[in-house]
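All remarks here apply to the structure that follows.
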Amino acid sequence: MLAKRIIPCLDVDHGRVKKGVNFVNLTDVGDPVEIAAAYEKQGADELVFLDITATNEKRKAIVDTIEQVASQVFMPLTVGGGIHTIDDMQRLLKAGADKVAVNSAAVNDPNLITAGAEKFGAQCIVLAIDTKWDPATNRYVVYTNGGRKATDLDAIKWAQEGVAKGAGELLVTSMDKDGTKSGFDLKLYQALGNAVSVPIIASGGCGRLQHFTDVFEETNVDAALAASVFHFGELTISDVKQELRANGVTVR
Amino acid sequence: MIVIIDYDTGNTRNLKKALDYLHIENTLSADPAVIQQADGVVLPGVGAFGKAMDALRERRLVTVIQQVAAQGTPMLGICLGMQLLFERGFEFGENTGLGLIPGNVVAIPDNLGVKVPHMGWDLNTMTQDDPIAAGFNQESTYFVHSFYAKTAPENILATCDYGVTLPSIVRRDNVIGMQFHPEKSGQIGLNGLRAFKEVIDNANYSSN
């Protein structure tokens with residue numbers, strides 16, 4: 001049986017792993033290769049690198065970073081952040097990424113998903129969605145530009161459209177839960193799980209071991225992503241897996 | 001020297017990185033003369049069966065791959081590269097494969113309550129005792145595929161249970177295939193590449 005995946009997310013800026021709270025007070029956490037290797041030792045199933053470099057001309061740093069990590073760490077690597085073109089995807093995949101995640105650029109031009117899937121295969125193209133519940137309209141609304149800009153898209157419908165366009169996997173972040181450490185947005189992932197049949201990565205809200213068990217028991221997501229709880233050493237991946245195993249969830 | 005067949009497929013460079021990391025001498029090449037001389041051949045592959053066979057044909061590589069396999073050179077097909085070792089593939093219509101192992105490559109049924117593609121870490125069970133499979137028994141490796149090989153049990157070394165029992169490692173004499181990505185399966189996967197190197201070393205030893 002397929003194991004549920006635990007995925008640490010690394011924010012990378014100019015070739016260094018950074019960590020801040022809500023993208024402010026960024027502090028240097030360290031070298032991506034060393035951090036990736038440490039997560040591999042802990043039993044991470046996959047790594048997501050988010051390029052948070054603000055300026056376009058510095059973006060090639062992420063290609064070098066992926067090149068270095070892929071030479072030392074042998075597990076699936078996904079890269080997101082600032083991917084706007086097929087060329088951007090090609091450079092990262094050539095450097096050693098296995099998947100690329102598109103977010104704002106896919107909202108602006110959904111055909112980017114199709115073009116990527118046709119060239120590299122659907123399994124390479126992850127559609128990242130940032131979403132927030134809107135009580136006024138009773139739906140999950142999609143946000144772009146790092147969560148700063150609301151769109152008129154319904155997240156569940158956008159997920160379905162993205163899959164129809166060729167996305168092989170969804171990485172869905174609940175902005176309501178992100179940073180709260182109050183648990184994953186179970187309602188969101190239940191709705192998504194009923195709407196699409198591709199693998200879903202849940203992101204946002206985990207603070208305790210129980211939250212991982214909850215998301216895998218209450219929804220059919222395939223993976224859970226977390227950043228700060230792992231970076232700040234509040235939880236280790238081995239703790240999470242031990243807890244999941246004890247609760248009957250299949251992990252590696 | 002291991003030759004990784006270079007035909008513009010996704011995982012070529014990551015395979016090279018893994019072999020470099022293990023200090024196993026290797027080179028990327030699409031030159032039939034270089035492939036002829038190889039001690040071992042790795043056939044990577046990501047994407048669709050028909051397109052990959054077209055890419056091999058365009059580069060005039062089909063015959064040379066069949067020749068080196070026939071002359072006993074150890075060969076390792078990975079992911080789609082493993083599927084190409086079989087006689088036929090049924091992805092986007094019927095396509096002829098390399099025909100080095102009897103069998104067909106068919107879709108994983110999508111009515112079994114499992115998600116397709118089969119993507120993620122899954123458990124291998126060894127079905128025949130073999131040095132290539134030994135390190136993978138009851139270990140998880142990273143899979144990404146929507147099709148699987150249907151072949152006789154004698155060609156299967158390990159399987160994975162995903163609604164259907166699908167072969168994760170196949171072998172017919174010197175021709176070996178791994179459905180998962182050893183280059184993306186941590187230390188367990190790297191050990192599989194080391195095991196392939198040992199097959200090559202043993203083949204060289206017995207022919208000298």
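Hydrogens, waters and symmetry mates are skipped; everything else that's a heavy atom, side chains included, is used. Below, read A as the first sequence line, B as the second, and so on, with proteins coming before strands; counting in each chain starts at 1.
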Exercise for the section: Just give me the residue among Lys16(B), His118(B), Glu183(B) that pairs up with chain A most often, heavy atom to heavy atom, under 4.5 Å. Expected result: Glu183(B)
Practice task
Quick one: pull up NZ in Lys17(B) and CD in Gln68(A) and give me the separation to the nearest 0.5 Å.
Solution key: 10.5 Å
Exercise for the section: Of all the heavy-atom pairs spanning Gly96(A) and Lys184(B), show the shortest one and how long it is. Expected result: O-NZ, 3.5 Å
Exercise for the section: Flag yes if more than 12 heavy atoms outside Glu25(B) fall under 6.0 Å of its CD atom; otherwise flag no. Expected result: no
Fill in the blank from the handout: Between Tyr21(B) and Ser71(A) the two heavy atoms that sit nearest each other are CD1-O, 3.5 Å
Practice task
Report the option among Glu40(A), Gln123(A), Gln72(A) that has the most heavy-atom pairs separated by less than 4.5 Å from atoms of chain B.
Solution key: Gln72(A)
Problem - Heavy-atom proximity to chain B below 4.5 Å, by part of Lys94(A) - result: both
Practice task
Report yes if the side chains of Lys115(B) and Leu2(A) come closer than 4.5 Å at any heavy-atom pair, otherwise no.
Solution key: no
Fill in the blank from the handout: When rounded to the nearest 0.5 Å, the distance separating CE of Met1(A) from CG of Asp161(B) is 10.0 Å
Problem - chain B contact via Lys99(A) - which portion, at a heavy-atom distance below 4.5 Å - result: side chain
Fill in the blank from the handout: Assert top hit (heavy-atom pairs under 4.5 Å, partner chain B, pool Pro76(A), Ser197(A), Ala223(A)) equals Pro76(A)
Exercise for the section: Please indicate whether Asn111(A) has more than 12 foreign heavy atoms, meaning atoms of other residues, nucleotides or ligands, lying under 6.0 Å from its CG. Expected result: yes
Handout entry: Crowding at CD, Gln66(B) (>12 non-hydrogen neighbours, <6.0 Å)
Key = yes
Problem - Glu67(A), part contacting chain B, at a heavy-atom distance under 4.5 Å - result: both
Exercise for the section: Can you see which heavy atom on Phe74(A) is nearest to which on Leu190(B), and at what distance? Expected result: CD1-CD1, 3.7 Å
Fill in the blank from the handout: Assert top hit (heavy-atom pairs under 4.5 Å, partner chain A, pool Val114(B), Asp110(B), Asp122(B)) equals Asp122(B)
Handout entry: Contacting region of Asp20(B) [heavy-atom separation from chain A under 4.5 Å]
Key = neither
Handout entry: chain B contacts, top residue of Leu77(A), Asp222(A), Leu93(A) (heavy-atom pairs, under 4.5 Å)
Key = Asp222(A)
Problem - Best-contacting candidate, Ala48(B), Pro117(B), Gly186(B), against chain A by heavy atom pairs under 4.5 angstrom - result: Gly186(B)
Problem - Among the listed options Gly47(B), Gly120(B), Gly189(B), the residue most often paired with chain A at heavy-atom distances under 4.5 Å - result: Gly120(B)
Handout entry: Under 4.5 Å from any heavy atom of chain B - which part of Ala95(A)
Key = backbone
Fill in the blank from the handout: Minimal heavy-atom distance between Ala70(A) and Asn14(B), with the atoms involved, is CB-OD1, 4.0 Å
Fill in the blank from the handout: residues 239-252 of chain A vs chain B, non-hydrogen distance cutoff under 4.5 Å, contacting residues -> Arg252(A)
